[in-house]
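Order of the sequence lines fixes the chain letters, A, B, ..., with proteins taken first and strands second; residue numbering starts at 1 for each chain.
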Amino acid sequence: MSQFELSEQEQIRRESLEELRKLGINPYPAAEFKTNITSTEIKKSFHPDKNNLQDVSIAGRLMSRRIMGSASFAEIQDSKGRIQIYLRRDDLCPDDDKTMYNTVFKKHLDIGDFIGVEGFVFITQVGEISVHVKKLTVLSKSLRPLPIVKEKDGKVYDAVSDPEFRYRQRYVDLVVNPGVREIFKKRTRILDSLRTLFNSKGYLEVETPILQPIPGGAAARPFITHHNSLDMPLYLRIANELYLKRLIVGGFEGVYEFSKDFRNEGMDRSHNPEFTVMEIYVAYKDYLWMMDFTEEMIEKVALDLHGSTTVPYNDKEISFKRPFRRISMIDAIKEYTGVDITGMNEDQLREVCNSLDIETESSMGKGKLIDEIFGEKCESHLIQPTFIIDYPIEMSPLCKRHRNNPELTERFELIVNGKELCNAYSELNDPIDQRERFQDQLKLSEKGDNEAMFIDQDFLRALEYGMPPTSGMGIGIDRLAMIMTNQPSIQDVLFFPQMRPEKTEKMDGKEKYLKAGIPEEWVETIQKLGYKTIEKVKMVDKHTKLHQEICGFNKKNSLGLKNPSPDEVAVWLENIKKLI
RNA sequence: CGGCUCGUAGCUCAGCUGGCAGAGCACGUGACUCUUAAUCAUGGGGUCGAGGGUUCGAGCCCCUCCGAGCCGACCA
C-alpha cells in the first residue's frame with residue numbers, strides 16, 4: 001500500500017507502530033490480558049476509607065491524554081464506560097530505563113489504542129476516582145485517528161453528527177458518541193422483556209424458514225433469489241404468519257418468533273428493507289384476549305426499560321398505562337372526517353375519497369379505499385397508544401369474519417405516534433373461507449394490485465386438517481425500539497441500516513504504468529497528481545502540462561528525483577495511446 | 001420518483017459582492033509531577049464530493065453526475 005494515500009496522522013501512527021516493534025513491543029499481542037474489574041465497577045465500589053481496590057487490572061481504549069511532563073492523566077473506555085488513569089514516570093519505570101513512559105506512552109501511543117493497565121485506585125485532588133498505573137501493556141495499536149468528541153458537564157462538543165458517517169462507520173459512532181451503545185443495549189433489553197413474558201406463559205420460541213417458495217402472510221413486494229441445485233426461485237420472507245399457524249395446527253399451544261423480514265419497497269425514516277417483527281400465535285384465544293395481552297406486553301416493556309409507563313418521545317410524552325383507547329375503524333373515520341361510511345359500496349367510498357382530496361386508483365377495492373381514508377385522515381392523529389379494531393374484510397384475507405358483522409373482521413392494530421406498531425387477528429381457521437379469500441386476492445392481483453397475496457396450497461391443506469381457534473399478533477420491533485429509546489429514525493435503532501455502497505475510486509496497479517514505459521519512481525507521483533488510472537493519463541492533451549505538474553510536484557515535495565525531459569513524458573503518452 | 005438542503009483538514013464548522021484556503025479540537029516539536037473540553041509556546045496538515053462551463057480569475061455563479069438528510073409520492 002502506498003504511503004502517499006495516507007493522511008499525515010495515519011503516517012505518524014504507522015511510524016509509531018514500527019517504533020514500538022523496534023523497542024520489542026508487539027503492537028498486536030496474542031496473549032490474554034486478564035482484567036478483574038470494569039470502569040463502572042471501580043467508580044461504584046471504591047471506598048477510600050476502606051482502602052479497597054488496591055490491585056486492579058483493567059483494559060480499554062485510550063480516549064484522551066493530558067500529559068504534564070513526567071506525569072499524565074488519560075482516560076480509557078471499556079465496554080461499560082470510562083475511567084481516568086494516572087501515570088507517573090517514576091512509578092511506571094522504577095528503574096533507570098524510562099522508555100515505557102517517555103517513549104512508549106508519550107510518543108507512540110495514541111487516542112484509540114487499546115491498552116491494559118494494572119495499579120491501584122485512588123481519588124485525585126479534584127475528586128475524580130482514578131487508577132494509578134504501575135504497569136502498562138499495549139494491546140492493540142489504532143492506525144486511524146478517531147474523531148475527538150469532548151464532554152463537559154453533560155454537554156457534548158464536536159459529536160460526530162453526519163448521519164452518513166454515523167451509519168456507514170457505526171463502529172466509530174459507537175466508540176465516540178456517548179449514548180449510542182446505550183440505545184442498542186436497550187433494544188436488546190426490549191427483546192429480553194418480551195421473551196421473558198412469553199416464556200413465563202409457556203409459549204415456545206421457534207424458528208421458521210426465511211427462504212420461502214411462496215412469500216405469504218402479508219401484502220408486500222418480496223425480494224427474490226434463486227436456489228441453484230433445486231433450480232427454483234425462492235423469496236425472502238415478508239412475514240412468518242403462515243408457518244407459525246402451521247405449528248398451531250401441529251399442536252403447540254403458543255408459538256412466537258423474532259423474525260427478520262424483508263420487503264422490497266421504499267426506504268424512509270420508518271422503513272428499512274430488512275426489519276424485525278415479533279409474531280406470536282396462541283390457540284383457543286380471540287382478538288379481544290390478544291388486545292389485553294398486547295397491553296400487558298407493551299406496558300411491561302415500558303416498565304422494564306424506564307421503570308415508568310410514561311415514555312418521552314420527541315417533544316411528547318407517551319403513556320403506556322393500561323388500558324389503551326379502543327375505537328373501531330369506522331368510528332375513527334367518523335371522528336376525524338365527520339363521514340359515516342357504514343354500509344357504503346365501492347362507488348360511494350370512492351366519492352368520499354374524492355371529497356376528502358384522497359387520490360384513488362381503479363385497482364382499489366372497498367377495503368383498500370377505507371384503508372386509504374384511515375391512513376390519510378386518522379392515523380397520524382393517534383399519538384397515544386390506540387387500538388383500531390374491526391377492519392373491513394377485503395383488506396384482511398387471513399382474518400376471521402367478525403362475529404356480529406360479516407362485512408368486518410376481528411382485527412386490531414395498535415397505533416402509537418401515528419404509526420402502526422402491532423397488528424393482530426382472530427385467525428381465520430375455516431379452510432373453505434380461507435380458500436375463497438385467497439381467490440379474492442387473486443382477483444385483486446389481476447386488477448393490478450401487485451401486493452395481493454399468493455395462494456399457498458400447503459397452508460390451506462394444513463387448515464383442512466383443522467386449526468383451533470387462534471389469535472395472532474405481530475409487532476414491529478424496530479418501531480417499538482424507536483419509541484422506547486426516543487429515536488427519530490429507524491436507522492438509529494439498526495446497527496447497520498441499508499445504505500448505497502460507497503464509491504471507491506478506481507486505481508490502476510503499478511504494472512500498467514510501467515508497461516507504458518513510465519519509470520517506477522514516477523508512478524506514485526503521477527497517481528498522487530490525480531491520475532489514478534492509466535485511462536486518466538491518456539486524457540491529458542498536452543505532454544507539457546503533465547511534465548510541468550510532475551516537475552512541480554518533485555520540487556514542492558523535495559523528492560530529490562531527476563526530472564524527466566518533456567520529450568520523455570511525450571513518449572509515455574504516446575505509449576499509452578498505443579496500449580489502450 | 002418529485003421538491004428543498006447539505007458535501008471545505010482526521011472531527012466539528014466558518015469562508016463577505018467571484019480576488020493568496022480559515023478557526024477550534026486532533027496531530028508534530030518544546031515546557032510542565034493532581035489534570036479533566038488541562039495549560040503555554042511553536043509547527044505541519046487541503047483533489048473545497050466528481051466532471052464540465054462562464055470568467056483575466058471559481059470553495060462561491062451555471063450545467064451534469066455521485067452521496068446524504070428532510071418533506072412529499074409510492075409503500076406498512
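Look at the C1' atom in both B/U64 and B/C70: the space between them is 24 Å, to the nearest Å.
In this structure, A/R144 places its CZ atom 11 Å from P of B/G10, rounding to the nearest Å. Going from atom CD of A/E376 over to atom P of B/A73 covers 6 Å, rounded to whole Å. At whole-Å resolution of the value, CG in A/D158 and P in B/C27 are 14 Å apart. In this structure, CD of A/Q11 is placed 12 Å from P of B/G10, rounded to the nearest angstrom.
Distance from the side chain of A/S7 is smallest for B/G10 among the nucleotides B/G10, B/A76, B/A37. Comparing B/G28, B/U35, B/A76 by their closest approach to the side chain of A/E420 singles out B/A76. Here the nucleotide nearest the side chain of A/A220, chosen from B/U12, B/A76, B/G69, is B/A76.
Side chains of A/D110 and A/S142 form no contact here, defined as non-hydrogen atoms less than 4.5 Å apart.
Position along RNA chain B of the nearest nucleotide to A/A159 versus A/Q125 favours A/A159 as the more 5'-ward residue. Residue-to-nucleotide proximity on RNA chain B shows that, of A/D110 and A/R479, the 5′-proximal contact is made by A/D110.
Contact annotation: A/K107 side-chain N/O to B/G30 OP1/OP2 distance is under 4.0 Å. Remark: A/R500 is not in phosphate contact with B/C66, judged by side-chain N or O atoms under 4.0 Å from OP1 or OP2. In this structure, A/K150 does not reach the B/A37 phosphate: none of its side-chain N or O atoms is under 4.0 Å from OP1 or OP2. Side-chain N/O atoms of A/R168 include one lying less than 4.0 angstrom from OP1 or OP2 on B/A68. Contact between the side-chain N/O atoms of A/S72 and the OP1/OP2 oxygens of B/C34 is not found at any separation under 4.0 Å. At the phosphate of B/U33, neither OP1 nor OP2 sits under 4.0 Å from any side-chain N or O atom of A/R88.
Below 30°, between 30° and 60°, or above 60°: for A/H132 and A/F120 the angle between ring planes is below 30°, a parallel geometry.
Contact annotation: side chain of A/E164 to base of B/G67, donor-acceptor pair absent below 3.5 Å.
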